[in-house]
Amino acid sequence: MNSDIIRLLPDSVANQIAAGEVIQRPASVIKELVENAVDAGATAITIVIKDAGRTLIQVIDNGSGMSPTDARMAFERHATSKISSADDLYSLHTMGFRGEALPSIAAVSQIDLRTMREGDAVGVRLLISESRFEGQEPVSCVPGTNISVKNIFFHMPARRKFLKKDSVELGHIMREFERLALVNTGIDFTLIHNDVTLHQFSHGTFKQRIGALFGKNTEGQIAEIGTETSLVKISGFIGMPRFAKKRCFNQFFFVNGRNMRHPAFHRALMSCYEPLVLPQAQPSYFINFEVDPSTIDVNIHPQKHEIKFEHEQAIMQILLAAVRETLGKTQAAGALDFEADIAPDIPIFDPAADAPMPDDSADDTFNPFRAATDNPTPSAHARQWQPGPAPATDWEALYDNFTRKRDDAFASSPADVLPDEEAIQADLVSSESSLFKEEGIVQTVEKPTACFQLHDGYIVTPSRSGIMVISQHRAHVRILYDNFMRQMEGGPVPSQQLIFGEDFELSPSASALLEQAAETLESVGFTVVHSGGNRWSLTSVPASLSGGKAVEALLGILEDVSADILIDSVAFRSPVALAMARSAAISSSQTLTPAEMESIIADLFRCTESSFTPDGLVVMTLIDSGEISARLQ
């Protein structure tokens, strides 16, 4: 009996195992093919995809091309022109080096390759399906390489069903394209999806490429960073703290022209922003590292995303110093302290004090606002100027008088047309008296009789057992969230047509997402019209949103809600309501009147959950009388 159990895997099985490590989704195919084009010296690369890469991924470049023999050899495992020995792994200057990308792609798709070198009379065409060579023939083509990858995972239903919706896969492709375009600023790029051009830009500077990818306004939101030592040269841009976002932030590290992920560098950079940004907000950054290739190891990850540095700690300290220096410059040597008592003593303006006395005489014997009998007969001595009554400047007193007269008028009305006073009082008590639950203790909150604003962000009001402090922004988020949820659950959200549509521009990735989600957003009251390119127009908004904050709320939805949830007409309600509430809520620095504060308190305690926001943040805290007494002992 043969007891040998170890055997050599067939090439077809080995290729599929390698493909599982290198090719995870259509975005992985684009990454590998574009990197090959970059290594071939291309100055212009066009990417054409259909159905988010499921049906077709085509990459066209004007690089060096391949001979017929090289084209055939390129699809053999570990066949590469990038390295020739193990020592070359520690002095890499190319994107690829393993020789696994093309055979891995061929193992899970159908390949149509056309390539020709500069100076050759004709090129060559190769057809490969599931790693099987199906044909090779001469073909007329332009210098460079044109490779089409069709029907990815067509013979692997288990792998194909794990692909997400087209909108999600397109999002991954856009992110991978952004990494490739940022690191190769000297190359012209074009990205076409389903015959629609999503990106098209020519070579330029790093900052110009950032603006082309993420919008021109991004260029004004970043600050340049740069330093050079014997170990590393750091260059690029970091986002200003006031533009930090909770979602859709752009964070990129590059080393020697290669995209990378480095958690330690990321944590170090975030530590510089901790006192400058809001909780959960993240700044954008685009940072290049240039180091000696012999001091890094890129051969530790199948997709070459992770890189090991020999002098990691030293480079981290250099990065920290460079970021802090830039933040110090952009923050103007620290934030202003608005609470400091350094304001000059400005006297109250008195309009009568500085008014010059007129020299000429005036006849004030006739006053058109007096009754005819009150106007005296003009006389000589009355022609001298006499100071009249000071102009009315106490407008609140005027309106109080108006209100008092209005109330007197109502008091003289017939009793049967007046509302029941007892019913009004009962309604006030029922609407403004509720329960506040904290740590299992039930506290009764009576109608607020005295509330004030603390540091322009907190509402302080007395309760039966102490003092309650409420975050005005979080409270308003809670109130608006409940209102939006009731509207969406009750059917189509009422919308309001705008007289003049509000135009706005998005990044290509956000524009593609909005195109997919337009129908879903219309069900909550937003109607958008595509104006061409990446420009859109907002024509109707939810009736409960003010026009000024409608675009802000829409952009907040695109930032805060992930693509797969936004497309789903059932799962989108809660996150969309939360995104709308965050955008429409009052800010933490907005000054409120006593009436507005009382309205927020009353509305808050009508909510189903008044103590926390929908995402779990604490809305209020209670300082009981016992704690106050203990502090004053």
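Numbers here are sequence positions counted from 1.
- At least one side-chain heavy atom of Ile479 sits less than 4.5 Å from a side-chain heavy atom of Cys607.
- With Tyr458 as the fixed residue, the side-chain contact (heavy atoms from CB on, under 4.5 Å) test singles out one of Ile470, Val469, Thr621: Val469.
- Here the side chains of Leu213 and His199 are in contact, with some heavy-atom distance below 4.5 Å.
- Taking the six-membered ring where the residue is Trp, Phe237 and Phe206 present tilted rings, their angle falling between 30° and 60°.
- In this pair, Trp536 and His530 present their aromatic rings parallel. The plane angle is below 30°, not in the 30 to 60° band.
- Under the 4.5 Å side-chain criterion, counting only non-hydrogen atoms from C-beta, Leu617 is not in contact with Val477.
- In this structure, Arg478 contributes its side chain and Glu609 its backbone to a donor-acceptor pair below 3.5 Å.
- In this structure, Phe201 and Phe177 have tilted ring planes: the angle between them lies in the 30° to 60° band.
- Looking at heavy atoms from C-beta onward, Arg582 lies in side-chain contact with Asp615 at the 4.5 angstrom threshold.
- Atom-to-atom distance recorded for Asp51:CG and Ile152:CD1 is 12.5 Å, nearest 0.5 angstrom.
- Shown are Lys164, Lys50, Arg25, Arg54; of these, the salt bridge (Lys or Arg N to Asp or Glu O under 4.0 Å) with Glu169 is made only by Arg25.
- For Thr527 (side chain) and Glu522 (main-chain N/O), no donor-acceptor pair under 3.5 Å exists by modelled atom type.
- By the 4.5 Å heavy-atom criterion applied to side chains, Asp603 and Arg606 are counted as neighbours.
- The aromatic ring centroids of Tyr285 and Tyr273 lie 6.0 Å or more from each other.
- Checked by atom type and distance alone, the side chain of Ser284 pairs as donor or acceptor with a backbone atom of Asn250 at under 3.5 Å.
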>> Pair Gln453, Glu596 - check side chain to side chain contact (heavy atoms under 4.5 Å, CB included), show working.
In response: CA-CA 11 Å; Gln453 196 172 15; Glu596 291 171 335; over 6 Å; no

